[in-house]
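The structure under discussion appears below in the form of structure tokens.
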2 protein chains.
Amino acid sequence: MKAERMSDQVARVVEKAITEGQYPVGSQLPPERELAVRLGVSRPTLRQALTTLAARGWLETRQGGGHRVCQHLGDGFSDPLLALLSNDKDYQYDILEYRNALEGMAAWYAALRLTHSDRQRLQACVIELERSHAAGNAEEQARADADFHLAIAEASHNTVLLHSMKALFRVLATSIAESVFQIAGQGDTADRLLAQHKCLLEAILEGDAESAQRASQAHLGFVESCLNESHRQGRQRQRGLQAFNVMPG
Amino acid sequence: MKAERMSDQVARVVEKAITEGQYPVGSQLPPERELAVRLGVSRPTLRQALTTLAARGWLETRQGGGHRVCQHLGDGFSDPLLALLSNDKDYQYDILEYRNALEGMAAWYAALRLTHSDRQRLQACVIELERSHAAGNAEEQARADADFHLAIAEASHNTVLLHSMKALFRVLATSIAESVFQIAGQGDTADRLLAQHKCLLEAILEGDAESAQRASQAHLGFVESCLNESHRQGRQRQRGLQAFNVMPG
DNA sequence: ATTGGTAAATTGGTATTACCAATTTATCTG
DNA sequence: CAGATAAATTGGTAATACCAATTTACCAAT
């Protein structure tokens, strides 16, 4: 049986120390030279291990500044395949369908679990949407759009969902900006998008989970219909998003 | 402005070479000593870069055997925070809600896009579920359960969804096995779970997207109700899964 | 020509030592 | 006490050496 290599063992040991709270979020690990001695390995081997942990999002390092446990776990890493798919036009409908499920879920639970501070946060996000819409700034609109949807995800109080949506929006940043830019040139489309965001907010604030979910899905359906319907290579597929939107309710 | 470190630049260059097809899936990278010379860096620096790519799931390495591009991209990596949340009892309801959304979506699109080979694959999976159920083997039941749900995800023909569900089931393997084991001791529960799987299959085979989604959600609702309802720490939350299940339809 | 065994070559993994560059800390001066 | 500067500490890179696993080449037997 093939033995696990030393640097992977070290990575496991350090990762376990992090997850068990020996190195709390934000704290600094011991210096490399010291940690290497403690763990009985050479500095290059330790650095292999720490590189692995950094790639997984556990650590952030700065030359001279030490290795620190990431302030927001999961924020330092990105799923390379998700990133690849998100920036490939062949998968833009896959991405939209996926968003539809996650954002529909977020809207549903946000409507059910909204706290007072969630309310304030969402209202502030919509104000920012209005502001960037009035300014006609596509980049700010894209950022405000992502902030709004992530605020809904936070209001859902489902940590797993929030984590997945953060990962998704991180890799979608570029293509969302492009979509907003593309859509901005289509007459009253930007006005309609803003109206949809407000409608979604209203449903959430009213605690109407079904309406919130429908509003979310209508919004994404509209986004889909606005996008450039370039020919879709590969499989002949059903345009599921439209159908998915008319889920009973 | 802080310069990007050399090993991260090398990682980017190699990752780009992979994604652009210079190193196709399954192919072997040039030996370290040669690649280091080509890229003008030292072997330790190259190894830092390759370690990062391996941690992200792009590469698999074996001593003496070379560095190879992973056969199944995305399979070599796991999201550490997702893994952490999946094995923490405080988040088991978050996980169930998240599965509810993804598996509901998978069932929906599988019903719409089912191919002939998908049919065969799903039917084979259910046979395997029946076999492991009859044998009373919890570990095989857990594996058959995951295989069935992943086969549905494949039948949805949404690559992003499939990728996310694979990642989720990879980290849930342990806790699903525990759930199956826990549930197995509850009278006719295993029989009812098998019946639910069959009901879900029927709805998919009939191309009834709404029924498929409801069957999926009923299944997870039942799983939730069977699980040990341990006290839920932290926030006072609504039991959203039950409500989510009775989505109109 | 094929198969199995063995040696050699090639590959990745680990270690030691040295030095560079960024950051942090200590010290000194006004 | 604040600011400047030097020293110490930290991470980053490099060269060289050697170990261990895998692959390849070679040879003998069938």
Side-chain angles (χ1 to χ4, degrees), chain A residues 1-15 17-18 22-71 75-77, chain B residues 1-15 17-18 22-71 75-77:
Chain A
M1 141 114 77
K2 179 185 160 305
E4 183 184 26
R5 68 180 191 168
M6 181 62 69
S7 61
D8 286 340
Q9 291 183 42
V10 167
R12 247 189 327 102
V13 165
V14 176
E15 187 176 57
I18 294 173
Q22 291 178 41
Y23 302 117
V25 157
S27 68
Q28 188 164 328
L29 264 59
E32 283 183 3
R33 289 164 179 85
E34 181 183 327
L35 204 51
V37 169
R38 276 201 214 171
L39 297 173
V41 294
S42 69
R43 238 187 107 213
T45 298
L46 175 70
R47 287 178 59 77
Q48 292 291 90
L50 298 183
T51 296
T52 295
L53 295 180
R56 287 180 187 163
W58 290 112
L59 297 178
E60 56 199 357
T61 82
R62 280 193 305 159
Q63 184 174 352
H67 294 279
R68 291 180 184 278
V69 179
C70 278
Q71 206 71 14
D75 283 4
F77 121 103
Chain B
M1 144 107 82
K2 175 184 166 302
E4 185 184 26
R5 66 178 192 169
M6 181 62 71
S7 61
D8 286 341
Q9 291 183 43
V10 167
R12 250 192 325 101
V13 164
V14 176
E15 185 176 57
I18 293 172
Q22 289 180 42
Y23 302 116
V25 157
S27 68
Q28 188 165 326
L29 265 60
E32 283 181 4
R33 290 166 179 83
E34 180 183 328
L35 204 51
V37 169
R38 277 200 210 172
L39 297 174
V41 293
S42 69
R43 240 190 105 211
T45 298
L46 175 69
R47 288 179 57 77
Q48 293 289 92
L50 297 183
T51 297
T52 295
L53 295 180
R56 286 179 188 164
W58 289 113
L59 297 177
E60 57 199 355
T61 82
R62 281 192 304 159
Q63 183 174 354
H67 293 280
R68 291 181 183 277
V69 180
C70 277
Q71 207 71 15
D75 283 4
F77 118 104

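In what follows, every heavy atom counts, from backbone to side chain, and hydrogens, waters and symmetry copies are set aside. First the proteins, then the strands, lettered A, B, ... as listed; each starts at 1.
The distance from atom CE of A:Met6 to atom C1' of D:dA21 is 15 Å, rounded to the nearest whole Å. For the pair B:Gln63 CD and C:dG12 C1', the interatomic distance rounds to 5 Å; values are reported in whole Å. Atom CG in B:Leu50 sits roughly 14 Å away from atom P in C:dT14 (whole-Å rounding). Rounded to an integer number of Å, the gap from CD of A:Gln48 to C1' of D:dG12 is 13 Å. Atom-to-atom, NE2 of A:His67 to P of C:dA22 comes out at 17 Å; the value is rounded to the nearest Å. Taking atom CD on B:Gln28 and atom C1' on C:dG12, their separation rounds to 11 Å, with Å as the unit. If you take CG of B:Leu29 and C1' of C:dT10, they are 16 Å apart, rounded to a whole angstrom. Between B:Arg5 atom CZ and C:dC20 atom C1' there is a gap of 15 Å when expressed in whole angstrom units.
Each of B:Leu46 and A:Gly64 was matched to the nucleotide of DNA chain D holding its nearest heavy atom; the match closer to the 5' end belongs to A:Gly64. Mapping A:Thr45 and B:Pro31 onto DNA chain C by nearest heavy atom places B:Pro31 closer to the 5' end of the strand. Annotation: of the two residues near DNA chain C, A:Gly65 and B:Pro30, the 5′-most nearest-nucleotide partner is B:Pro30.
Contact between the side-chain N/O atoms of A:Arg62 and the OP1/OP2 oxygens of D:dG11 is not found at any separation under 4.0 Å. The shortest distance between the side-chain N/O atoms of A:Ser7 and the OP1/OP2 oxygens of C:dG13 is not below 4.0 Å. Applying the 4.0 Å criterion to OP1 and OP2 of C:dT14, one finds that A:Arg47 has every side-chain N and O outside that range.
For DNA chain C, the neighbouring residues in residues 32-44 of chain B, judged by any heavy atom under 4.0 Å, are B:Glu32, B:Arg33, B:Arg43.
In this view, A:Ser7 and A:Arg5, A:Thr45, A:Gln48 satisfy the side chain to side chain contact (heavy atoms under 4.5 Å, CB included) rule, not counting sequence neighbours. For A:Glu15, the salt bridge (charged side-chain N to carboxylate O under 4.0 Å, His left out) partners are A:Arg56, not counting sequence neighbours. Here A:Glu34 pairs with A:Arg38 under the side chain to side chain donor-acceptor pair (under 3.5 Å) rule; sequence neighbours left out. Residues satisfying the salt bridge (charged side-chain N to carboxylate O under 4.0 Å, His left out) test with A:Arg12, not counting sequence neighbours, are A:Glu4.
Between A:Arg47 atom CZ and B:Arg47 atom CZ the span is 12.5 Å, to the nearest 0.5 Å. For the atom pair CZ of A:Arg68 and CG of A:Leu29, the computed distance is 10.0 Å after rounding to the nearest 0.5 Å. Note that OG1 of A:Thr61 and CD of A:Gln28 are 11.0 Å apart. Values are rounded to the nearest 0.5 Å.
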Convert the base pairs of DNA chain D into dot-bracket notation, remembering that pairs crossing earlier ones are written with [ ] and that bases paired across to another strand are shown as |; include only Watson-Crick or G-U pairs under 3.5 Å.
-> ||||||||||||||||||||||||||||||
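In this structure the side chain of B:Val13 reaches within 4.5 angstrom of the side chain of B:Leu39, judged on heavy atoms. A 4.5 Å side-chain heavy-atom check between B:Ile18 and B:Leu59 finds at least one atom pair inside the cut-off.
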